[in-house]
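Here the structure is a predicted model, which means the values were calculated and not measured. Within every chain, numbering begins at 1; the chains are lettered A, B, ... in the order of the sequence lines, protein sequences first and strands thereafter.
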Protein chains: 2
Amino acid sequence: MIATPSLTVQARKEPRQARSTTTVEAIYEATIQVLLADGPSRLTTTRVAKRAGVSVGTLYQYFPNKQALFYAVNQRYLDMLADRVEAACRAQHGQNYADMARALVGTYITVKIERRDVTRVLYLAAVEVDVAELVEDMTQRIEAASNVMFASAGDAEFDNLATLNLTLLNVLFGTVRSFFDRQMSDLLEGAIGDQIVSMFCSALEAARSHPR
Amino acid sequence: MIATPSLTVQARKEPRQARSTTTVEAIYEATIQVLLADGPSRLTTTRVAKRAGVSVGTLYQYFPNKQALFYAVNQRYLDMLADRVEAACRAQHGQNYADMARALVGTYITVKIERRDVTRVLYLAAVEVDVAELVEDMTQRIEAASNVMFASAGDAEFDNLATLNLTLLNVLFGTVRSFFDRQMSDLLEGAIGDQIVSMFCSALEAARSHPR
DNA sequence: ACCTGAACACCGTTCAAGT
DNA sequence: ACCTGAACACCGTTCAAGT
């Protein structure tokens, strides 16, 4: 397994003129469209370029390879996701831990479901390209925000919060992914989402410090 | 997104002579080796054939396309996983639900870790090919076995067991996957595995029927 | 019954030539 | 400064020819 040096994965150059900004936008949009319409296995640079209305050469002027293109699309999506969850965590500062759990789980699920097509297609395609690094960044932002949030709970203090938090977030990410992979994402908005929240609450409850 | 008709994904013909059984074995083995050594993006039919010591044509005599090859490798692995978990569930029939949770979670994690390389590489490559159907089959076998097991618990009865069981298994599958994707699979054998078991237990406890 | 490998269509990527 | 598209190497797949 060869790790792709991350440099090759950055955009080749920044657009400097209005014309090329439009081009890059069109390429992003076309990438998602091709993924949605034709599936990951038909995500070819030629197809994306054609759909974006430019030549392949142009695409390669902005993205050194197909990976970089897909990487950029993921980056936008994952940054947005991390932004939203961070904001939700900040908003809960000092509140009750049950509300925190609800906000964290709820926001994550909401964002994933708002863009359910993109979510699914990115889960599906995530492997044709090495996106692990990006996912790890997003994960760590959320982990940090969530840690700070739970540590600030007004109604409890927790033992081993870091480890518990790690587990809880992997539970959340993994469970949501399982439901998406199995095309059962709709259930997340209902009873299943609530079950996840109560699992969070029980686990937190069990980890409360009881100083004497 | 085009669903691959499942027929094209079956092995093209059954080997009838000792010679060809060996060939098919060699091809399976070579597939895993190439995946492990070169990564999913370099899994090419030519490479597999070469590593197996046969010509490409021979490979195509037994597998109609690259998908079918990868599909077959997954099938073996997932069948084995379902077999093991089913056996563990059967062994717990009539016991306490906490022991059941420990056995279910423990067996699943143990099998995944026993073959950690293959596990990781199959998670990684799972998308280059449509394997969703296979995963769904394995999942449903485990779901059925687990449902029967928990329904037989000697120390409790549960409300809405089917829904709860669905959530619990997606939690298990998803969480394990998250730790593997993040290359933190070792943690599953220790404290994290225990945390998953206690989350199972709290959720089950909360769902106990209390008839009056 | 099984195997071989040259041949074909297609994809990622490049680069000389254009505006 | 940006764009084009023919050209090249490589991969999936086929099939006529071999044992």
Side-chain angles (χ1 to χ4, degrees), chain A residues 2 4-5 7-28 30-31 34-35 38-73 125 127-130, chain B residues 2 4-5 7-28 30-31 34-35 38-73 125 127-130:
Chain A
I2 288 103
T4 315
L7 269 178
T8 66
V9 130
Q10 305 309 317
R12 177 164 276 174
K13 70 177 189 187
E14 295 297 305
R16 312 225 164 154
Q17 293 188 359
R19 179 163 53 144
S20 59
T21 308
T22 314
T23 302
V24 170
E25 274 311 316
I27 293 173
Y28 278 131
T31 305
V34 170
L35 238 19
D38 305 333
S41 63
R42 305 199 191 180
L43 181 69
T44 68
T45 48
T46 329
R47 256 194 178 74
V48 171
K50 182 177 255 175
R51 185 140 198 160
V54 297
S55 91
V56 234
T58 302
L59 189 156
Y60 278 89
Q61 225 179 337
Y62 296 100
F63 302 95
N65 50 50
K66 197 174 112 170
Q67 287 211 13
L69 173 60
F70 185 72
Y71 190 93
V73 170
V127 168
E128 307 221 343
V129 157
D130 189 12
Chain B
I2 288 102
T4 315
L7 269 176
T8 66
V9 130
Q10 305 308 317
R12 177 164 276 175
K13 68 178 190 187
E14 296 296 304
R16 312 224 162 152
Q17 293 187 1
R19 179 165 49 144
S20 59
T21 307
T22 314
T23 303
V24 171
E25 275 311 317
I27 293 173
Y28 278 130
T31 305
V34 170
L35 238 19
D38 305 333
S41 63
R42 306 200 189 177
L43 180 70
T44 68
T45 48
T46 330
R47 255 196 180 73
V48 171
K50 182 177 256 176
R51 185 140 198 160
V54 298
S55 89
V56 235
T58 302
L59 188 156
Y60 278 89
Q61 226 180 336
Y62 296 100
F63 302 95
N65 49 51
K66 199 176 111 170
Q67 288 211 10
L69 173 61
F70 184 73
Y71 191 93
V73 170
V127 168
E128 308 222 342
V129 158
D130 190 11

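Pair check for dC3(D) finds none; no Watson-Crick or G-U wobble contact set falls under 3.5 Å. Both distances falling under 3.5 Å, in either a Watson-Crick or a G-U wobble arrangement, occur for no nucleotide opposite dC10(D). Across all strands shown, dA17(D) has no partner, as no Watson-Crick or G-U wobble contact with both distances under 3.5 Å is found.
Of the listed nucleotides (dC2(D), dT4(D), dA6(C)), dC2(D) has the atom at the smallest distance from the side chain of Tyr62(A). Distances from the side chain of Thr44(B) to the nucleotides dG12(C), dG12(D), dT4(C) place dG12(D) closest. Checking dG5(C), dT13(C), dC11(C) against every side-chain atom of Arg47(A), the shortest atom distance belongs to dC11(C). Each of dT13(C), dG5(D), dG5(C) was ranked by its minimum atom distance to the side chain of Tyr60(A); first place goes to dT13(C).
Side-chain contact check for Leu35(B) versus Phe70(B): some heavy-atom pair is nearer than 4.5 Å. Taking 4.5 Å as the limit, some side-chain heavy atom of Thr45(A) sits within range of a side-chain heavy atom of Tyr60(A).
What separates NZ of Lys66(A) from P of dG12(C) is a distance of 5 Å, to the nearest Å. If you measure from atom CG of Leu59(A) to atom P of dG5(D), you get 14 Å, rounded to the nearest angstrom. Between Gln61(A) atom CD and dC2(D) atom C1' the separation is 5 Å, expressed in whole Å. Taking atom CZ on Phe70(B) and atom P on dG12(D), their separation rounds to 14 Å, with Å as the unit. Regarding Arg51(A), its CZ atom lies at a distance of 16 Å from the P atom of dC11(C), rounded to whole Å. When rounded to the nearest whole Å, the span between CG of Leu69(B) and P of dT13(D) equals 10 Å. Atom NZ of Lys50(B) and atom P of dC3(C) are 19 Å apart (whole Å). For the pair Leu43(A) CG and dC10(C) C1', the interatomic distance rounds to 15 Å; values are reported in whole Å.
We find the OH-CG distance between Tyr71(A) and Asn65(A) to be 11.5 Å, quoted to the nearest 0.5 Å. In this structure, Ile27(B) CD1 and Thr22(B) OG1 are separated by 11.0 Å, a value rounded to the nearest 0.5 Å. Note: Thr46(B) OG1 to Lys66(B) NZ = 9.5 Å, rounded to the nearest 0.5 Å.
Residue contacts for Thr45(B): at a heavy-atom cut-off of 4.0 Å it reaches a base atom on one of the strands shown. Residue contacts shown for Val54(A) are limited to sugar-phosphate atoms, with no base heavy atom under 4.0 Å away.
Remark: Thr23(B) is in phosphate contact with dC3(C), judged by side-chain N or O atoms under 4.0 Å from OP1 or OP2.
DNA chain C is contacted by both Thr46(A) and Gly57(A); Thr46(A) maps to the nucleotide lying nearer its 5′ end (nearest heavy atom per residue).
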